[in-house]
Structure formats: C-alpha cells, structure tokens
There are 2 protein chains.
Amino acid sequence: MTISAEHTRIAALGAAERRVLLELVRRGPQSRVRLAERVGMSRASLTRISRVLLDAGLVLEGEPESPGARGRPAEVLRPRPGAAVFLGVKYTAEHVYLVLTDLCGSLIAETSTPLPSRDFDEALEIGIAAGDGLLGDLDNPSAVGIAVAGDVVVEGGESILRRSGFLGWDGVPLARRVAEHTSAPVTVFNDVNALAGAQHWFGGPRHSPLVVLGVGAGIGSGIVLDDELHVGAHGLAGRVGHSRIGAVLGAQGRPCANGHLDCVHSFATVPAIEEGAGVAPGEYAEAVRRAVLGEPGARAAFERAAFAVGIAVADAVNAVDPDAVAVTGEGVHCLDLAPEVFRQGLADGLEGRTADSVRIERPLFHFDLYARAAAVMAMRELLAEH
Amino acid sequence: MTISAEHTRIAALGAAERRVLLELVRRGPQSRVRLAERVGMSRASLTRISRVLLDAGLVLEGEPESPGARGRPAEVLRPRPGAAVFLGVKYTAEHVYLVLTDLCGSLIAETSTPLPSRDFDEALEIGIAAGDGLLGDLDNPSAVGIAVAGDVVVEGGESILRRSGFLGWDGVPLARRVAEHTSAPVTVFNDVNALAGAQHWFGGPRHSPLVVLGVGAGIGSGIVLDDELHVGAHGLAGRVGHSRIGAVLGAQGRPCANGHLDCVHSFATVPAIEEGAGVAPGEYAEAVRRAVLGEPGARAAFERAAFAVGIAVADAVNAVDPDAVAVTGEGVHCLDLAPEVFRQGLADGLEGRTADSVRIERPLFHFDLYARAAAVMAMRELLAEH
DNA sequence: TGACTATTGTTCAGGGGATGAACGAACTCG
DNA sequence: CGAGTTCGTTCATCCCCTGAACAATAGTCA
C-alpha cells in the first residue's frame, strides 16, 4: 500500500466520517462511545463510521484501556501514525524551513536551508529539493502547506501570492508552481493565518473565536471564528500592522512604509525594536541581551513595543471579543521583558472590560513553528468538509 | 386563527422549511424551481416543503407570472403579509421608538414617545404601554426585538444589559422584564449589532462578511460573518469606539472617558463634533448648519470626524477584510460634508490596498432605523436554525 | 389549427444514512 | 459464580432527499 493515494482516500470520505476523524485528530484517542457523544451521533452510527475508517487504514484499534473501571473496557480508536504525512514549508527572507508531520500533528522530521537570494525561481527550486530530501523514499505527502508572509489572494481562479514584502515576491503563483512537482494538493497560507489555525487545533484547549497575533519582521494577526479560519472576502483579513495607535509612552516611533510615526509597525516589529534599541539591523539578539542587562535605551525600546502590542491586542479584543488571544512570533520578547507595560497598554486600549478578563496565551516560539502550522493547515484543508 | 401562536408555528418548522422561508423573506417572491436552485434542493423536496409552509399559513401562492416566456408559467410563492408581526423597539436617552414590521421587513406601523427620565422602571413601563398601543387588537407579536446602546451579555443563563452609558442602565434584565408582558420571545441587541444584521438582510445586495459602523452619541460596529451576526464570545464584539488612532489632521481631540485625546470617540461622535464646532451640547443640528454655511471651526470639526471615521473604517477593513462596509448613524453627516477627507483617512489607514477597493454603503438614516433593525433581528432569531 | 418544444409542479419508487432497542461481549465486585 | 455495568454490534425502522416519469400550461412554427 503506497502512501501517495492517501489524500484521495481522505477526500473520498463522507461528512460524518470526516467529523469523526477530525475529532480523533484534535482530541486524541478515544473510545467509540465518547466519540459518539462528542460528535453528537448515535453509537450505532459510530460503529458504521469507525468501520469505514478502519477499512481505509486511517484509524487503528488500540488495546483496551481499563483504568480499573467497571464494565467492558473501551477499545480506543487512534489515527494511524503513518496513514498520512503532511509537508509544511515556511519561507523567510533568509531560510526555508520544512517539517513533516503525521495525522496527529506530531513532528516526524524537519530541516532548514538558507536561501542565497530572494529570487523566486531559485527559492522554489531549493525548497522543492529540500522537500524531496525530507520525504526520502515517500514519493508524495498527503498534502502540502506553505506559509509565507504576504497576501494570498485568488485571481482568475488561482491562488496568487502578493505583497510578500520581506521576500520581494509579488504576484507569483506559488501554489501552482509547487503543485507541478507533486500529486498532493498544495495550499499557500499567510503565515500568521496558518499560526492561528494551528493554535486553534493543537494549542491546548480549543478557543473560538481565537485571535493570534504574530510579532516578527512585520506584525499580523489571524482570526478563527466558528472553528474556522477567517481569511476575509479577499484573503486579506488580519492586517493589523498599520493600525494607528498614537504616541506610545510619550514617544513617536520609527517611520513605517506609509510614513506613519505611530502605527503598530513603528514600535512593535523586530526592525523597529532594533532601531529603538540602537543596534544594527539584524542584531535583534543583541538588543534582547542589552535589555536583559538593563541598558536603558534597549529597555525603553522593548517597553514601547510591549505597550504597542498591548494596544494591538486590546483593539483585536474590542473588535472581535475572542475567547482567547495568543501572542507569538520571533519578536515577542517584549512581553517577557516588560510584562507590566504590556498589561498597561492592554488596559489602556480595552473598552468596557478589564485586562484580567482577557485570556492571553503564549505558545512557545520556535522557528519551525510556522512550518508546522503550515502542515497543520494542509491537514485542516484536507479534512475540512467541502 | 389567532396570530399569537405564529412564533410557535415557525419554531416548529424543520431546518429545510426554515431555509426556504428565509430565502423567500430575503429575496422576495419566487417560483419553486428558482427556490430549489437557490437553496440547493431538488424540485421534489421543494414541493413537499412548500406544502408545509402553505398549510402553516406562512406563505401564499401568487398568481402565475408569465412574462411572455415559453413553457408553463411559474406560480410564485410569497410570504403571507399577516403571517407574522414583529415588534422592534429602540431606546435612546430621550425617546423610545417602536415599529411593527411583517415577514418581509416592511413597515406596518410606528410610533415614538419621549422619556421623561432615564429611570429604568419608568422607561420600561412607557415602552410596554407604547407597544400595547401600537399592537392594537393584536394580542401578541410573533417576536420582540429591542435595540439599545450597551453590552448585551449572558449572566447566569439570562440576557443582561450592561454599560448602557447614555441611559445609565447597568446590569438590568431588560429581556426578562419585557418578556413578563408577552408570550412572544423577546431578545435584546446592541443597537449597532442590530443595524448590521438588518443591513445584511434588507440592505440591498447581500454582503458577507459585512461591517456596519454606527456613528452617533457613541461609535460602534457590528460584524456579519458567514451570514451570521458575530457578537463574540461574551457579546462584546464590535467595540471600536476607544481605538487609539493618533492625532488627526495634526490636532488632538476631546478627552474621552478613559482620558484619551486620540481615540475615535475623541473626534467622531456627536458630542465630540459639537464641542469641536463650538456649539452647545445637544446643538448638533446647529453644528451641521454652520458647517454647511462654511464656518471654518465647524468645518474643521467635521473634517476631523470624517478623517477619524475613515481610519476606523480602514482598521475594520484591515482586520476583517469585509465584502462591504456600511456607515450610518445620526452623526454620519461628516461623510457628506467632507467626503474627500474621509477618503483621505481611509487611504491613510489601509494596509496593502487602495481606498477604491473598499465598497462603502450608505444606508439612509432615519431615527426609526434602529427600531426596524431590532424587529428584523427578532425575525432573524425566530427564523434562524437552532 | 395541430404538432412540437419548453418549463413548471407533482407523484412515486427507491435509497442513503441515522436511530432506538435489543443483544452479545467483556470486565468488576461481592 | 452471579449480579451489575459498560461497550460495541446488529437489525428493523424511519426520515428525508432524490431521480425519473408524468401531467399541466404556455409559446412556436408549419
């Protein structure tokens, strides 16, 4: 049995089967009766559905777990680890990160490769070669997800990547170009949108609505509504980076591309912090070091960033009223360096509610997080009911 | 056949029947085949469903419309005008407005009554008396919707009205108190949320996602996502009034309740415009008159408001990426007095898109708009699938 | 005028899928 | 070992939707 046909096998599932499989993926191994309760179906239906999933090789029957309980022990169903393999890719201006995950979102393998230039064709070639290497003797993954900063819009029925600023790509048919090298479905996502979708599925207890704020070279957000990622009418939702927020702690910020001195970009991005801390571009780690050591200029830069992020979170909470907000990204240190200032900004921006009432989550940030999120989004796309 | 049992008859409908009725309500009279296409069902199903709706007295069979077309003429189905009557109520600090609408959202009757004080019990009594008067010999409407500025939250399983600033009400069980006087279901809505829901259904072509910005004594927004009103995890979504937006046209604004000099409230509300134009509180009409005559101070106040509204719209577009934005409210004149400044603020705040790409709608504002919106929301609540 | 085409609405047999009830299976407890 | 409990399966049933065939009603064209 080759693994390459898994995406067609999953695609052939009915709506009820998908819901059960999805429940297993999200909440882990469970007995049939618990599944029936959670999904809202009868035990009879679940018997039929689990048989389909078992026959398709998507699910395994685990050993009975009997924790000393009375009655017949439950036979837990679990996703079969090798039933599907998802390839997640994240492009930054300097590297391409790739991960392989299974149906449970667990990491199977990972790699990263530096990009010698920002040339699209070259970067594409390097990414495809790295993907082939990571896949090894697997001919095809079940689905491919690619995360990249920028706007993923649909033009002429095709997914086009636009305004990918840090890479300098604008108007490239990334999804199609990658799809020419594999029989698996390929989907491209805005990186912070992908983070939001992954956090919603695998970031602990499930929150909906959920807002995820990503702080890095830029700043953006992803919104999960009604348990689905909200990308907007044109795929442009979550662009909070240029919101004006006024002076922060009495100071103006770094001019952004639009000439603003007081938008989120002016304070809270990695380049803005670097400039505020007085270090050279690319020396963000040095800025963090100086702030930890107590150097006043560096501390002030991180405090302004923390306050700005607080206001950005407050704006999102005011507008969407989410169940939780997750803040992450490679530039998120300001929340740890100046937590009280972040809280101050949050309280200052909230309308009619206290900072205590906002549930803030802090997913640990690694650089492969975006790639894993892309893999999870590819899985979501495949498992979603269409 | 008494009309009072209509809400139970509608509540007893199945999901498919609701969808068909909803389609008729939203898009007007249609033939069965067109309905089947639009709802995505077979003609056979539609025959069965339409029979149920006809038997329930909810729809009528109109005369065949034959516009010279070939084939058997279609028998159009239409909602029966008297099949249901919805009572919509809007409380402001000075008046209570009431309207009666039918299944198509058409106005049947309306009235308004001044409130001598802001005392909750007195206002309640006046509203109920006015509602009884408007209903006349109808003993009960099919559903009641009440729109009011403030937060409609659920506490202890009950709908509670909080922070209704201009009325001074906080923590009142408005829905329960009104429900004690009628057998119809009563629902309370934030006023701008209600506007959003009504605009989505009866505001011309249907847009989703849709953002509605209401500019009046305060400023707020309502968001329609996936054809449903989004109220957030705690019923607090759409609070954009305290978003910081920085200095506007080089000027600071009126201090808001939180001490901000640069939030939307500082510039774009009726009181802020009054203060900026140098007229006495409550003399908004005079401010409009002076601006029309070209008085510089008044014009500047409306220009700042227009710019601020432009930024507020831009923030909403950036975050949600809606299909359209509707701007309305009793303080919306700034958009007509300074359209180019509004456009300037919009362009200034947008991230990665032009002002031309944003579809702006301008529903005509009458003071009974909120009450009609409340009636529509009551209908939505009754027709929604549960 | 009469055959022909086009479109609408209804009927009817059939099927897919969900379900409640009954039952067998597997385990604990006393 | 029997009683009690919980889990999974089977089966008859039901609900609802659908495709196909058919009747009804119009315009079109020779």
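We name chains A, B, ... by the order of the sequence lines, and we start the count at 1 in each one.
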Starting at the 5' end of nucleotides 7-19 of chain D, put B wherever the base has a protein heavy atom under 4.0 Å, S where only the sugar-phosphate does, and a dash everywhere else. BBBB------BBB
For B:Arg26, give me all partners under salt bridge (charged side-chain N to carboxylate O under 4.0 Å, His left out), at least two apart in sequence or on another chain. none
Using whole Å, report how far CD of B:Glu37 lies from C1' of C:dT8. 12 Å
In whole angstrom, what separates A:Arg18's CZ from C:dG17's P? 14 Å
Only pairs at least two apart or in different chains count here, so list each salt bridge (Lys or Arg N to Asp or Glu O under 4.0 Å) that has a residue in residues 28-46 of chain A. A:Arg32-A:Glu61, A:Arg32-A:Glu75
Check: A:His207/A:Glu361 side-chain N/O donor and acceptor closer than 3.5 Å: yes
Could you list the residues that satisfy side chain to side chain contact (heavy atoms under 4.5 Å, CB included) with B:Asp227, not counting sequence neighbours? B:His200, B:Arg206, B:Ser208
Measure the angle between the two terminal helix axes of the helix from C:dT1-D:dA30 to C:dG30-D:dC1, five base pairs each, and quote it to 10°. 10°
Under the side chain to side chain contact (heavy atoms under 4.5 Å, CB included) test, residues paired with A:Val153 that sit two or more places apart: A:Asp151, A:Glu155, A:Ile160, A:Arg162, A:Leu236
If the condition is side chain to side chain contact (heavy atoms under 4.5 Å, CB included), which residues does B:Ala179 pass it with, not counting sequence neighbours? B:Val186
Can you give the donor-acceptor pairs under 3.5 Å from side chains of residues 100-107 of chain B to other protein atoms, not counting sequence neighbours?
from, atom 1, to, atom 2, distance (Å)
B:Asp102, OD1, B:Cys104, N, 2.8
B:Asp102, OD1, B:Gly105, N, 3.2
B:Asp102, OD1, B:Ser106, N, 3.1

Going by the rule side chain to side chain contact (heavy atoms under 4.5 Å, CB included), which residues pair with A:Thr47 if we only count those two or more places apart in sequence or in a different chain? A:Arg51
My understanding is that only residues two or more places apart in sequence, or in another chain, count here; which of them pass side chain to side chain donor-acceptor pair (under 3.5 Å) with A:Thr182? A:Asn140
Between the protein and nucleotides 2-4 of chain C, list every N/O to N/O distance that falls short of 3.5 Å.
none

Listed by chain and number, what are the salt bridge (charged side-chain N to carboxylate O under 4.0 Å, His left out) partners of A:Glu23, not counting sequence neighbours? A:Arg27
